[in-house]
Amino acid sequence: MNRKQEPNEKFIVLAGATGYIGRYVFHELMLRGYHVTTLGRSKAQDENALYQHIHVDVCDDSAVAALEGDLPKNAAIISCLGSKTGGRRDAWEVEYGANQSLLRLSKTVQAKQFVLLSAICVQKPRLEFQFAKRTFEDNLIASGIPYSIVRPTAYFKSLAGQIDNVKNGKAFLIFDTGERTSCKPISGGDLATYLCDCLDRPDRNNRVLPIGGPGPAVNSKEQAEILFKLLGKPLKTRKIPSSIFKVINACLAPFGIFSEALSDKREFLRIGHYYATESMLIWDDDINAYDAEQTPEFGTESLETFYKDVLESGLQHHELGTHKLF
Ligand SMILES: NC(=O)c1ccc[n+]([C@@H]2O[C@H](COP(=O)([O-])OP(=O)(O)OC[C@H]3O[C@@H](n4cnc5c(N)ncnc54)[C@H](OP(=O)(O)O)[C@@H]3O)[C@@H](O)[C@H]2O)c1
């Protein structure tokens, strides 16, 4: 499987190529003419002369370490890995463990760069997956390998969970007033462009890069307004107190210690509460608030166009997976 590295050839090792963002990144890399090796449980795509897949359990450190001889030296590594469940154990195995294995491999193949897809919410870590991500970010920063840590705000797909319900006449559910949290949503294509640009942008080296879509910031009520306007229907929302997550969590507390499954359910409730109460924007300690102005913008695709597309053609490749709630 060894591939001879020829002058001027650009080699990338991509983990997480089968995920929502990873698929966009893979496509973008192919368009840019990179030689891409994907690592994971399944292939990103079928045949392409510039593409090879190595079937490996990225959570198995020794299996990943054994790939040293199969990978081109000085390749850039891109990780779009993410826990699919957000459960406590899974978060540490994937967000931390699998990325750690990739980092060790990066050292042995003398990777020229490590581009990590992280998340803006890790700036205020309270959840297990956020601690796992932050711990890995710190290790990457300390590793000596040139890095770009990209922390995006919410993805379009994460704001698409209610489209079908609304289309079928149901109300758009908002937490509290619907004005408490905002984000600058970013499309998969725009984020993939941003991530791939990191490969050629020395000014993004050794930096933590929070990034949003083209803006402006939108809160939940405004998302509902966009959707109902596109449907030509009067706005219909249903308010849910964000405290509901805390109340249910408190009820489960006495039982959580007995079972990992229940402990994970409690973690999902914490995740729900976090997203119902925290904005996906830059947090400014000085003003003790989120600041849309300070949240960098990138890209051209708007949430409204995405909603319009989904209303007309369905979600197609925008599978929501376990992030549907958000
Ligand atoms: N949702 C948002 O709005 C948002 C916003 C900012 C940042 N983020 C972050 O962006 C990252 C990517 O998100 P995404 O939605 O693209 O993720 P996703 O669709 O869930 O894809 C995750 C990728 O990781 C792989 N993976 C997960 N668990 C694995 C395991 N146990 N063993 C091997 N591979 C595993 C998956 O491989 P398989 O296909 O084999 O399962 C897949 O390629 C995540 O870290 C997420 O926290 C998300």
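Order of listing sets the numbers, starting from 1, for every ligand and every atom in it.
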Would you say D57 and ligand 1 have an N/O pair spaced under 3.5 Å apart? no
The one among A154, G82, G22, S83 that brings a heavy atom closest to atom 24 (O) of ligand 1: G82
Of Q123, Q130, E137, R151, which is the lone residue that meets side chain to side chain donor-acceptor pair (under 3.5 Å) with S118? E137
Per-atom filter on ligand 1: closer than 4.0 angstrom to a heavy atom of V94 are 28 (N), 29 (C), 30 (C), 31 (N)
Could you check whether any side-chain N or O of N74 sits under 3.5 Å from a backbone N or O of Q110, counting only pairs where one atom can act as donor and the other as acceptor? yes
Give the numbers and elements of all ligand 1 atoms closer than 4.0 Å to a heavy atom of C59. 30 (C), 31 (N), 32 (N)
Contact between K133 and ligand 1, counting heavy atoms under 4.0 Å? yes
Using a 3.5 Å distance criterion without hydrogens, assess whether the side chain of R204 forms a donor-acceptor pair with backbone atoms of Y194. yes
Mark up the atoms of ligand 1 that fall under 4.0 Å of a heavy atom belonging to I21, in ascending order. 16 (O)
Relative to F129, does R134 satisfy both conditions: NZ or CZ under 6.0 angstrom from the six-membered ring centre, and within 45 degrees of the ring's axis? no
Which of the numbered atoms in ligand 1 are below 4.0 angstrom from a heavy atom of E95? 45 (O)
Please state whether E93 comes within less than 4.0 angstrom of ligand 1, counting heavy atoms only. no
Applying a strict 4.0 Å limit to heavy atoms, is S118 in contact with ligand 1? yes
Counting only heavy atoms, which portion of R151 has something under 4.0 Å from ligand 1: side chain, backbone, both, or neither? neither
Can a donor-acceptor pair be found between the side chains of E278 and Y290 at a distance below 3.5 Å? yes
Could you check whether any side-chain N or O of Q113 sits under 3.5 Å from a backbone N or O of C198, counting only pairs where one atom can act as donor and the other as acceptor? yes
Contacting atoms of ligand 1, where contact means under 4.0 angstrom from a heavy atom of A119: 6 (C), 7 (C)
State the atoms of ligand 1, each with its element, that fall below the 4.0 Å cut-off from a heavy-atom position in T153. 5 (C), 6 (C)
Fit a plane to each ring of F175 and F245, take the angle between them on a 0 to 90° scale, and name the class: parallel (under 30°), tilted (30 to 60°) or perpendicular (over 60°). tilted
Enumerate the atoms of ligand 1 whose separation from the nearest heavy atom of T18 is less than 4.0 angstrom. 36 (C), 37 (O), 38 (P), 39 (O), 40 (O), 42 (C), 43 (O)
Geometric cation-pi criterion K233 and F228, 6.0 Å radius, 45° cone: no
